[in-house]
Amino acid sequence: PVSKCTMDRPTDANLQPLTVDSATFVVRAVGQSSPFASSSNTITITFATNQALERPTKVTVMGLMGSTMPSNLALQVTTVAGPHALVESSGIWTRSTGTLILSLRENVKSTPGQNYSISVDLMNPPSAQNAPLVSIAANGIDAVLVNSWPNQTLLPLGDQLPMKIIQPRIVKAKIRQSSALPDVRNVITVTMRMNALVSSRSKGSFTISGLLGARARTGPVALHAAST
């Protein structure tokens, strides 16, 4: 008989017989459309796994903290990208923990390595906050922290981080007058630019101070849109 011997194995663990990788997310990215306080914010979630997912598996995104969107057992979920709609059109949203639970559709199975993207609309808090730590998990797959995914290329670097909220502020302010002559009508033109959306529903106001010496009466003054 031929004596028994030990066979050489490849140094690459993936080539060694019967080596099986743990189930994991090979793509895990979350981005946002708006970093501005009190604005609607589309959160886009892109994920891929190294094994097929199918019902009754649930994908859970955790840590989307700060949103004022009330908890909802049927938050609308929009399929953004993928060969087919993988998850149901609504998910379970829990505001207190910033958790979104996505259920897979019936008779649908994911393809390993294939990206699937979905989005949900949340409401940002009224004040600034740093980006929280967001993670993703699924049945049989341990939670892992997500990477940022700039789904809005017009945002400055870093502002695409999910639930990072910046403080509203004036980023440009200019003022000029139409005449320096004494005892004549003088038009004061003010130009401002904000880093956040300002609408007629906003409950704030702008205060311009230091316009001393004018003979205008105290009280309301007429405002006109300046020509561009």
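Just so it is clear, the structure is predicted and the values come from calculations on it, not from any experiment. Positions are given from 1, in the same order as the sequence printed here.
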**Asked** Pairs in or reaching into residues 156-180: which pass salt bridge (Lys or Arg N to Asp or Glu O under 4.0 Å), with residues at least two apart or in two chains?
**Response** D159-K164

**Request:** Report the C-alpha separation of V59 and L104 in whole Å, then their side-chain angles, then the decisive distance to 0.1 Å, and conclude whether the side chain to side chain contact (heavy atoms under 4.5 Å, CB included) test is met.
**Result:** CA-CA 8 Å; V59 176; L104 269 65; 4.2 Å; yes

**Asked** Do other residues, nucleotides or ligands put more than 12 heavy atoms under 6.0 Å from I188 CD1?
**Response** yes

**Asked** Should I166 and V171 be regarded as members of a common hydrophobic cluster, given that ILVMFWY residues are connected when their side-chain heavy atoms come within less than 4.5 Å of each other, either directly or indirectly?
**Response** no

**Complete:** Correct closest heavy-atom pair for G63 and P132 would be O-CG, 3.3 Å

**Request:** Report the residues that fulfil ring pair (Phe, Tyr, Trp, His ring centres under 6.0 Å) with Y116, sequence neighbours left out, ordered by chain and then residue number.
**Result:** H84

**Request:** Return yes if some donor-acceptor pair links the side-chain N/O of W93 with the main-chain N/O of L122 below 3.5 Å, else return no.
**Result:** no

**Prompt:** Linking I/L/V/M/F/W/Y whenever any side-chain heavy atoms sit under 4.5 Å apart, do L53 and V144 land together?
**Reply:** yes

**Request:** Can you run down the ring-ring contact (aromatic ring centres under 6.0 Å, His included) pairs that involve residues 155-183, sequence neighbours left out, and say none if there aren't any?
**Result:** none

**Asked** If we only count heavy atoms from C-beta on, is the V187 to R185 side-chain gap below 4.5 Å?
**Response** yes

**Request:** May I have all residue pairs that pass side chain to side chain donor-acceptor pair (under 3.5 Å) and include part of residues 126-137, sequence neighbours excluded?
**Result:** none

**Message:** Is there a continuous path of hydrophobic side-chain contacts, each under 4.5 Å between heavy atoms, that joins V134 to L161?
**Reply:** no

**Asked** Under 3.5 Å, side chain of N147 to main-chain N/O of A29, donor-acceptor pair present?
**Response** no

**Message:** Closer than 3.5 angstrom, by distance alone: can the side chain of S33 be matched with the main-chain N or O of T42 as a donor-acceptor pair?
**Reply:** yes

**Request:** Name all pairs fulfilling the ring-ring contact (aromatic ring centres under 6.0 Å, His included) condition that reach into residues 38-76, sequence neighbours left out, sorted by first residue then second.
**Result:** none

**Request:** Report the residues that fulfil side-chain contact (heavy atoms from CB on, under 4.5 Å) with I208, sequence neighbours left out, ordered by chain and then residue number.
**Result:** I175, V190, L211

**Prompt:** Is there a chain of hydrophobic side chains (I, L, V, M, F, W, Y, each step under 4.5 Å between heavy atoms) that links V87 to V108?
**Reply:** yes

**Distance (rounded to the nearest 0.5 Å) between M65 CE and T97 OG1** = 7.0 Å

**Item:** Partner set under salt bridge (Lys or Arg N to Asp or Glu O under 4.0 Å) for K58, not counting sequence neighbours
**Value:** none

**Message:** Counting C-beta onward and ignoring hydrogens, is there a side-chain heavy-atom pair between P35 and I165 closer than 4.5 Å?
**Reply:** no

**Neighbour count above 12 (heavy atom, 6.0 Å) for Q167 CD** = yes

**Message:** Is the shortest side-chain heavy-atom distance between L102 and L86 below 4.5 Å?
**Reply:** no

**Complete:** Sorted by chain and residue number, the side-chain hydrogen bond (donor to acceptor under 3.5 Å, both in side chains) partners of S67 (sequence neighbours excluded) come out as none

**Asked** Say you draw a straight line from CD of Q32 to CG of N41; how long is it, rounded to the nearest 0.5 Å?
**Response** 4.5 Å

**Gap separating the NZ atom of K4 from the OG1 atom of T6, nearest 0.5 angstrom** = 7.5 Å

**Asked** Of V30, V61, V27, which is the lone residue that meets side-chain contact (heavy atoms from CB on, under 4.5 Å) with V146?
**Response** V30

**Message:** If you compare all heavy atoms of S179 against all heavy atoms of V184, which two are closest, and at what distance to 0.1 Å?
**Reply:** OG-CG2, 3.4 Å

**Asked** Does T68 use its side chain to pair, donor to acceptor, with the backbone of P125 at less than 3.5 Å?
**Response** no

**Request:** Answer whether the closest heavy-atom distance between the side chains of N50 and P112 falls below 4.5 Å.
**Result:** no

**Message:** Can you tell me how far apart CE (M62) and CG (L100) are? Round to the nearest 0.5 Å.
**Reply:** 10.5 Å

**Prompt:** Can you check whether S96's main-chain N or O pairs, donor with acceptor, with T94's side chain at less than 3.5 Å?
**Reply:** no

**Prompt:** If you measure from CD1 on I118 to OG1 on T78, what distance do you get to the nearest 0.5 Å?
**Reply:** 8.0 Å

**Asked** Atom CE in M163, atom CG in N124: separation rounded to 0.5 Å?
**Response** 4.5 Å

**Request:** May I have the step-by-step check of side chain to side chain contact (heavy atoms under 4.5 Å, CB included) for M194 and I170, ending in yes or no?
**Result:** CA-CA 5 Å; M194 300 285 296; I170 299 172; 3.4 Å; yes

**Request:** Enumerate the residue pairs fulfilling ring-ring contact (aromatic ring centres under 6.0 Å, His included) with a member in residues 54-80, sequence neighbours excluded, ordered by first and then second residue.
**Result:** none

**Item:** Residue pair S89 / R105, side-chain heavy-atom distance below 4.5 Å
**Value:** yes

**Pairing residues for D183 by the salt bridge (Lys or Arg N to Asp or Glu O under 4.0 Å) criterion, not counting sequence neighbours** = R215

**Asked** How about N139: does its CG atom have over 12 heavy atoms from other parts shown lying under 6.0 Å from it?
**Response** yes

**Results of side-chain hydrogen bond (donor to acceptor under 3.5 Å, both in side chains) for Q114 - residues two or more places apart only** = none

**Contacts of R55 that satisfy salt bridge (Lys or Arg N to Asp or Glu O under 4.0 Å) - sequence neighbours left out** = E88

